[in-house]
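See structure below.
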Amino acid sequence: MKNRDEQKTLAKSYEFDNVEEKWLQRWTDSGSFRATMEEGKPSFSVVIPPPNVTGVLHVGHALNNTMQDVLVRYHRMCGDNTLWVPGTDHAGIATQNVVERQLATEGKTRHDLGREAFIERVWDWRKEKGGTIVNQLKRMGASCDWERERFTMDEGLSRSVREVFVRLYKEGLIYKGDYIVNWCPRCHTALADDEVEHEDKKGKLYHIRYPFADGSGDVVVATTRPETMLGDTGVAVHPDDDRYSHLADVGIKLPLTDRTIPVVFDHHVQKDFGTGALKVTPAHDRDDYEIGLRHSLPIMKVMDEHGVMNDKAGKYAGLDRFDCRKKVVEDLESQGFLVEIEDYDHAVGQCYRCATVVEPTTSLQWFVSVRPLADKAVEAVRDGRINIYPKTWYNTFYSWMDNIRDWCISRQIWWGHRIPAWTCKDCGELMVESVDPDACSKCGSSNIEQETDVLDTWFSSALWPFSTMGWPENTKELQIFYPTSVLITSFDILFFWVARMMMMGLHFMDEVPFKDVYLHALVRDKHGKKMSKSTGNVIDPLVIMSQYGTDAMRFTLTAFAAQGREIKLDEERIEGYRFFINKLWNAARFAMMHVEECDASITDVVNSPEKLPLIHQWILSRTAKTITDVRRALDEYRFNDAASVIYQFVWHEFCDWYLEWIKADLFSKDETLRDQARGVLLYVLETILKLIHPITPFVTEEIWSVLPGDRPLLVTSEYPVAEDWQNENVENQVELLMGVITGIRNIRAEADVHPSAKIDAFILCADMEKTELIQVFVSAISSMTRLESLTVATEGEKPSDAATYIYQDLEIYVPLKGLVDVEKEREKLERERNKIEKSLKQINGKLGNKKFLANAPPEIVEKEKGKQAELEAKLGKVAEAERRLAEIG
RNA sequence: AGGCGCGUAACUCAGCGGGAGAGUGUCACCUUGACAUGGUGGAAGUCGGCGGUUCGAAACCGCCCGCGCCUACCA
């Protein structure tokens, strides 16, 4: 695998540029990301949330795909049949808008081209620009099976869409009807409820006087949209509202028109809002529409699809809806109907694609009856076939599903899956077929016409988990990889997408589309603000990757991905994690100095750890623990925990302690000691590389490639399995030695002893076992604390004129030959004593409390007693040191 | 209006019933045979407030104060 000429000394610091490019190429060339489908292996599959084909990688994508890639790489290394399906979404309105804008620069509209030519133009655009986001995902190292890339408009997926539509129609779950929908006057299309975004806006509330037809009085109504009054077909009041009970037979003379409209009684009206009277415009308001239905009020549309007033608006015809509003208000005022204008903040619905104010309007649309589908989805979540992480989303999910309305799936645009429905122009028969018909199925006429509407983009993405695997064919992929293992996506498309996948998957596959759903937070700036171009606080992952390297970005995102919290991303943190990558790099560089010429089999020494010196047993114990913790964290989607466990282990255990500790052995003339050190060192380094590879694939693969021996690529190596090496006794012993070392270093630092100055130290400890242990490690301790000599005894003369440090029941003394700053030393001891006394007081309080002794579990009581004894011993030592200090002073 | 979430060291956050933690920053000292993108040591917190449950609360419950987000048919 490795060529001789590739072997090189590792550079002094990690330079990612060439490394990243190189490995992207090799992973691809070696087919490492290709899904395997071997018999008898567990399978792990993920489908990517398909980014819009118009998309450009933003930090949300970066987070989402890092998380997926971490899991996918982890499971691939675990030996599972692993599939990650990549692809993009045709993004109906968004893509059409992009191409329309392009046409606009040529002074054309899509109507100039006509439907077919326009669609061709969109395909051209896609061929040219549609690969952008895919290439950016590749650059991140996303280990998708790129040969299986799908597009929601490609042939296979379009077939699935058509099949689903036809089946749902034949089952009676798709219907066509004239209903009120959200209409975008700019996009000229209907929008689903969740495609409308609500934003609080400052508006006005207009109070208008509606006189009775018989001139006997009037009623005042309030509205934020006075122009819609032209379409009013009634006034509604609450049936129990005494103020209006006499109006049953009185008509209303609608101002500015010559129409008379009835008063109806409806429970929907809030008695205490305004005057308790509501104007009813069934054609332009969802609630009014429903009131209208209940009372058989006529539906009168006064606007066209551009949001311009139509003939029904009388003299206002031709005015834009907002101009009309002004004019209507003027006229009402001049004719004395306007009572009052009040400032009023309220939520205004806007198109999620173009932010145009949405106009609720009745029109002929296609709908899915979602209730039966939604019930199945809810059931699957309730009985645990689908788990949602973090748990907090269950409530939101259920309440949304309980209130779900039929889904409007038709869109009056051109780019998308055209609805497979034909109408016979002769007999009016409606045909919905999976194969294009050429004649009417009823009268045989060939004078038939296909529906011009296309389907909501989310209709095709709802099928994504099975359509990408070849449905409706029963493919091997479906057998092995469906249901997928986990869906990782942002919470904001829980309903747009996740819920609909559940419905479609359960309905057509009779099985959930994924077993787990992990909903991650949105990435915000370091102050918690939404990133936006206008605020200028956008963190661009492409810039980050160039500046800090892809691994640093991936590690940062992984470390930030705690469940259920918004992610505040701070560029400084990315820099910090880049230092970590460099730290790992240098640790490897150091290791290479010692193992470069060795045979890879030197790691065999770990097979009998009990024969190894203590420090190696210690690092192997810690390694086993780390493997266990990382695996568990990844299995439970605790990405941040996985990252921090690794960070802590690599930096603070492997580098800070282990590498420093074994230097002596590595340079030793004793071959056994040296080879043991080399072997364990190489083993632990290999394990670390494997452990972190899913998070930081590039740097680990690079280091791996220069390690001794012929080795397959890291990306397809086996993920570490924890051996039975955890050893509490070993860890306690090393902990004690570390305490001693820290104590001596502390004395040196506090006493301002120059780091290179060699000094003597004494340790007194009554515990035989401990003193013996320390005896064995005198040389290691001395070299790590730069001692001239270290004397250990169970009892003996306490050196005078010495700085002191108390650790457990040990007294550590460093004689300073008149250099002891008595005052400083006294303060230090006092601080120490205060600290001990404080905790001791707490513990004594507990142990003196009968209720505590009676109620607390015995092991807790024991633990507290142990702590008490330890603290008392330590307090004794401190007191003694203080006494001696007083003698000197 | 309802729902959800968050307030822990200067900053960003972890911990979510048994001795207050990490990273960054900060201070002091240090180019010791991988790393100054480094090492060693230190300082730093009434865990938003008030009550309650408990032998024991940063954690559980209630209320309050601040801050986000989502949903909603008060026109």
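Below, chains carry the letters A, B, ... as their sequence lines are ordered, and counting in each starts from 1.
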Take the protein atom [atom1] of [X] and the nucleotide atom [atom2] of [N], then report the distance between them rounded to whole Å.
X      : N      : atom1 : atom2 : answer
A/I860 : B/rG17 : CD1   : P     : 13 Å
A/W657 : B/rG39 : CH2   : P     : 13 Å
A/N586 : B/rG39 : CG    : P     : 10 Å
A/I574 : B/rU37 : CD1   : P     : 19 Å
A/Q868 : B/rG19 : CD    : P     : 15 Å
A/K568 : B/rG5  : NZ    : P     : 17 Å
A/R748 : B/rU40 : CZ    : C1'   : 10 Å
A/L685 : B/rA34 : CG    : P     : 16 Å

Ring centroids of A/F852 and B/rG56 base under 5.5 Å with planes under 30°:
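It does not: the two rings, one from A/F852 and one from B/rG56, miss the stacking criterion.
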Not counting sequence neighbours, which residues clear salt bridge (Lys or Arg N to Asp or Glu O under 4.0 Å) with [X]? List them please.
X      : value
A/E340 : none
A/D406 : none
A/K863 : none
A/R294 : A/D266

Sugar-phosphate only, base, or nothing, as touched by [X] at under 4.0 Å among non-hydrogen atoms:
X      : value
A/A587 : base
A/T392 : sugar-phosphate
A/K663 : base
A/D656 : sugar-phosphate
A/D570 : nothing

Per the side chain to side chain donor-acceptor pair (under 3.5 Å) rule, what does the pair list look like for residues 227-237 of chain A, sequence neighbours excluded?
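Matches after skipping sequence neighbours: A/Y210-A/D232, A/E227-A/R325, A/T228-A/K279, A/D232-A/K279, A/D232-A/T281.
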Sequence neighbours excluded, every pair satisfying side chain to side chain donor-acceptor pair (under 3.5 Å) that has a member inside residues 740-754 of chain A:
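Counting only pairs at least two positions apart or across chains, the side chain to side chain donor-acceptor pair (under 3.5 Å) contacts touching residues 740-754 of chain A are A/H754-A/S756.
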Distance (rounded to the nearest 0.5 Å) between A/E837 CD and A/E832 CD:
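CD of A/E832 is found 11.0 Å from CD of A/E837.
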Output the distance between atom CG (A/D285) and atom OG1 (A/T362), rounded to the nearest 0.5 Å.
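With rounding to 0.5 Å, CG (A/D285) is 12.0 Å from OG1 (A/T362).
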For B/rU54, does either OP1 or OP2 sit under 4.0 Å from a side-chain N or O belonging to A/K846?
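Answer no for this pair, as no side-chain N or O of A/K846 is under 4.0 Å from OP1 or OP2.
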Are OP1 or OP2 of B/rU37 and a side-chain N or O of A/K583 less than 4.0 angstrom apart?
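For B/rU37, neither OP1 nor OP2 has a side-chain N or O of A/K583 closer than 4.0 Å.
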A/H207 versus A/E342, side-chain donor and acceptor atoms under 3.5 Å
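Present: a donor and an acceptor within the cut-off.
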Do A/E636 and A/Y389 get their side chains close enough for a donor-acceptor pair, meaning under 3.5 Å?
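Note: A/E636 and A/Y389 side chains miss the donor-acceptor criterion.
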Closest to the A/K851 side chain: B/rC55, B/rA14, B/rU37?
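Among the listed nucleotides, the one closest to the side chain of A/K851 is B/rC55.
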Counting heavy atoms from C-beta on, name the nucleotide in B/rC55, B/rG18, B/rA14 closest to the side chain of A/P857.
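Between B/rC55, B/rG18, B/rA14, the one nearest the side chain of A/P857 would be B/rG18.
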Think A/K583 forms a cation-pi with A/Y14, using NZ or CZ under 6.0 Å from the six-ring centre and within 45 degrees of its axis?
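Here A/K583 fails the 6.0 Å and 45° test against A/Y14.
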Give me the ring orientation class for A/H238 and A/H267: parallel if the planes are under 30° apart, tilted from 30 to 60°, perpendicular past 60°.
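Rings of A/H238 and A/H267: perpendicular, as their planes differ by over 60°.
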Classify the angle between the aromatic ring planes of A/W651 and A/Y647 as parallel (below 30°), tilted (30 to 60°) or perpendicular (above 60°).
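Ring orientation of A/W651 relative to A/Y647: tilted.
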Counting N and O atoms only, with roles assigned by atom type, does the side chain of A/D665 sit under 3.5 Å from a partner on the main chain of A/L673, one being a donor and the other an acceptor?
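Such a contact is absent between A/D665 side chain and A/L673 backbone.
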Could you pick out which residue, A/V753 or A/R786, lies toward the 5' side of RNA chain B when each is mapped onto its nearest nucleotide?
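By nearest-heavy-atom nucleotide position, the 5'-most residue is A/V753.
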Taking only nitrogen or oxygen atoms into account, show me every contact under 3.5 Å that the protein makes with nucleotides 23-25 of chain B, one pair per line with its distance.
unit_1	atom_1	unit_2	atom_2	d
B/rG23	OP1	A/H652	NE2	3.0
B/rU24	O2'	A/E572	OE1	3.4

Contacting residues from residues 554-561 of chain A, given that a heavy atom lies under 4.0 angstrom of RNA chain B:
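Going residue by residue through residues 554-561 of chain A, the ones with a heavy atom under 4.0 Å of RNA chain B turn out to be A/F560.
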Restricting to nitrogen or oxygen on both sides, can you table the protein-nucleotides 70-73 of chain B pairs closer than 3.5 Å?
unit_1	atom_1	unit_2	atom_2	d
B/rC73	OP1	A/R405	NH2	3.1
B/rC73	O4'	A/D287	OD1	2.9
B/rC73	O4'	A/D287	OD2	2.8
B/rC73	O2'	A/D287	OD2	3.1
B/rC73	O2	A/H268	ND1	2.8

Dot-bracket encoding of pairs in RNA chain B, which uses [ ] for pseudoknotted crossings and | for another strand, Watson-Crick or G-U under 3.5 angstrom:
((((((((.[[[[.)..(..]]]].(((((.......))))).....[[[[[..)....]]]]])))))))....
Could you go through residues 219-226 of chain A and list every donor-acceptor pair under 3.5 Å that involves a side-chain atom there, pairing it with any protein atom two or more places apart or in another chain?
unit_1	atom_1	unit_2	atom_2	d
A/T223	OG1	A/R225	N	2.9
A/R225	NH1	A/E359	OE2	2.7
A/R225	NH2	A/H284	O	2.4

Can we call the ring centroids of A/Y518 and A/F639 under 6.0 Å apart?
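Yes; A/F639 has its ring centre under 6.0 Å from that of A/Y518.
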Please list, pair by pair, any protein nitrogen or oxygen found under 3.5 Å from a nitrogen or oxygen in nucleotides 42-45 of chain B.
unit_1	atom_1	unit_2	atom_2	d
B/rG42	OP1	A/N746	ND2	3.0

